[in-house]
Amino acid sequence: MGFRRAFCSILFFSLSLFGCSDDTAEEASTRDQRDGFGLGGARGELTEVPCESSSDCDDGLFCTGKEVCEDGFCRRGVATECDDGIACTIDTCSPVEDGCSFKAPDADGDGHGDISCRGANDELLGDDCDDADPNRYPGNREVCSGDPLHDEDCDPATYGYLDADLDGVVSATCCNEDSTGEMTCGADCDDFERRRFPDHPEICDDIDNDCDGKVDVNTREVPWYVDADDDYFGDPASDVELSCAPLEGRALRSTDCDDGTAAVHPAALEVC
């Protein structure tokens, strides 16, 4: 009993010291050489993978460099170094594209590279006007936020859409500022009054209809069309009545395609 116990102790100590493995030689080789020429060791070193020609060593990957057969064994390739010589670009070797990739940085992660990064011929490599703001990039939805300095789509000519009174004219509070400091804004000086916007005819109603700062100046009789649904757009096929003052049940604009439904008119918001 004492001998058997001593033998087991020695065996356990030996296994603990030297380790053990159920891997066959082939499995161990496969584990250590998963990419065809060996993962371990430095690039350019000889592997234990036997070969007859360099084609036996080629793993088909551009980024791992060119593997060659030397003295009957594969030599690991030297990893491809990608550098276009442009300081601002992010240079990487892409296994997906199987080649070098040179891209403008995208610090805010919105999928658009920094517009300030330029190529060797001064061409733009990115289109993001603000690479520190993930909510500013070309194609982003422009909103009327009340902040003229926040240009969501990198286009100062667009300024979002706000038409609270549904007169078809964007509120003058919707603005964007370009690089010269010039503001581009909507035209409606009063987005809560349907009878006030540029080019509205001056009528007899004690309101500055055309947003020029003057009330009831150069007023005149204008045609009024039947507006059965009271959406401020009249039926073009209806009879016309001339008047300087507003007429109940009538509208100045005759562009309503459905005068029986208030939610249907040229200035209505389209919904799915």
Side-chain angles (χ1 to χ4, degrees), residues 7-141 151-155:
F7 175 79
C8 290
S9 299
I10 294 171
L11 178 61
F12 177 80
F13 175 78
S14 299
L15 292 174
S16 301
L17 181 63
F18 299 106
C20 60
S21 172
D22 292 329
D23 287 355
T24 64
E26 181 179 357
E27 289 172 335
S29 176
T30 300
R31 183 185 68 244
D32 294 335
Q33 300 165 15
R34 275 170 282 183
D35 59 356
F37 55 87
L39 287 175
R43 296 293 180 178
E45 288 185 350
L46 284 173
T47 71
E48 296 180 357
V49 180
C51 59
E52 295 181 359
S53 66
S54 293
S55 61
D56 297 333
C57 305
D58 185 11
D59 62 2
L61 301 176
F62 174 81
C63 293
T64 60
K66 185 177 181 180
E67 298 79 39
V68 297
C69 183
E70 187 174 302
D71 297 331
F73 293 94
C74 290
R75 184 179 292 276
R76 298 178 179 87
V78 178
T80 303
E81 293 186 7
C82 298
D83 185 2
D84 61 0
I86 301 173
C88 66
T89 57
I90 305 299
D91 305 337
T92 57
C93 191
S94 171
V96 176
E97 300 175 7
D98 199 28
C100 287
S101 173
F102 311 106
K103 297 181 179 179
D106 180 17
D108 56 12
D110 58 12
H112 292 259
D114 191 342
I115 198 172
S116 66
C117 186
R118 294 178 176 268
N121 298 316
D122 204 37
E123 72 274 18
L124 295 177
L125 300 180
D127 60 1
D128 195 339
C129 63
D130 187 348
D131 202 35
D133 186 346
N135 196 34
R136 290 189 72 189
Y137 56 86
N140 191 24
R141 186 174 70 92
D151 178 14
E152 286 84 1
D153 64 356
C154 289
D155 181 2

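Because only heavy atoms are used, hydrogens play no part in the values below, and waters and symmetry mates are left out as well, while side chains stay in.
- Here the options are Thr47, Val49, Val68, the test is side chain to side chain contact (heavy atoms under 4.5 Å, CB included), and the partner is Arg75; only Val68 passes.
- Shortest non-hydrogen contact noted between Cys93 and Pro95 is O-CD, 3.3 Å.
- Separating the CG atom in Asp110 from the CG atom in Asp131 is a distance of 6.5 Å, to the nearest 0.5 Å.
- Between Gly77 and Glu67 the shortest heavy-atom distance is N-CG, 3.5 Å.
- Taking CD1 of Ile90 as the start and CG of Asp106 as the end, the distance is 9.5 Å to the nearest 0.5 Å.
- Residue pairs meeting the side-chain hydrogen bond (donor to acceptor under 3.5 Å, both in side chains) criterion with at least one member in residues 83-97, sequence neighbours excluded: Asp84-Thr89, Thr89-Asp91.
- Going from atom CD of Glu152 over to atom CG of Asn135 covers 6.0 Å, rounded to the nearest 0.5 Å.
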What side-chain donor-acceptor pairs closer than 3.5 Å can you find for residues 116-126, not counting sequence neighbours?
| unit_1 | atom_1 | unit_2 | atom_2 | d |
| --- | --- | --- | --- | --- |
| Ser116 | OG | Asp114 | OD1 | 2.9 |
| Ser116 | OG | Asp114 | OD2 | 3.1 |
| Arg118 | NH1 | Asp122 | O | 2.9 |
| Glu123 | OE1 | Asn121 | N | 2.9 |

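- The shortest distance between side-chain heavy atoms of Cys154 and Asp127 does not fall below 4.5 Å.
- In this structure Asp155 satisfies the side chain to side chain contact (heavy atoms under 4.5 Å, CB included) test together with Asp153, Ala157, Thr158, sequence neighbours excluded.
- Atom CG of Leu46 and atom CD of Glu70 lie 5.5 Å apart (nearest 0.5 Å).
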Practice task
Given disulfide (SG to SG under 2.5 Å), test Cys51 with Cys74 step by step and report yes or no.
Solution key: CA-CA 6 Å; Cys51 59; Cys74 290; 4.1 Å; no
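- Looking only at distances, no side-chain donor or acceptor of Asp58 sits under 3.5 Å from a matching main-chain atom of Ser55.
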Problem - Test log, rule disulfide (SG to SG under 2.5 Å), inputs Cys82 and Cys100 - result: CA-CA 6 Å; Cys82 298; Cys100 287; 2.0 Å; yes
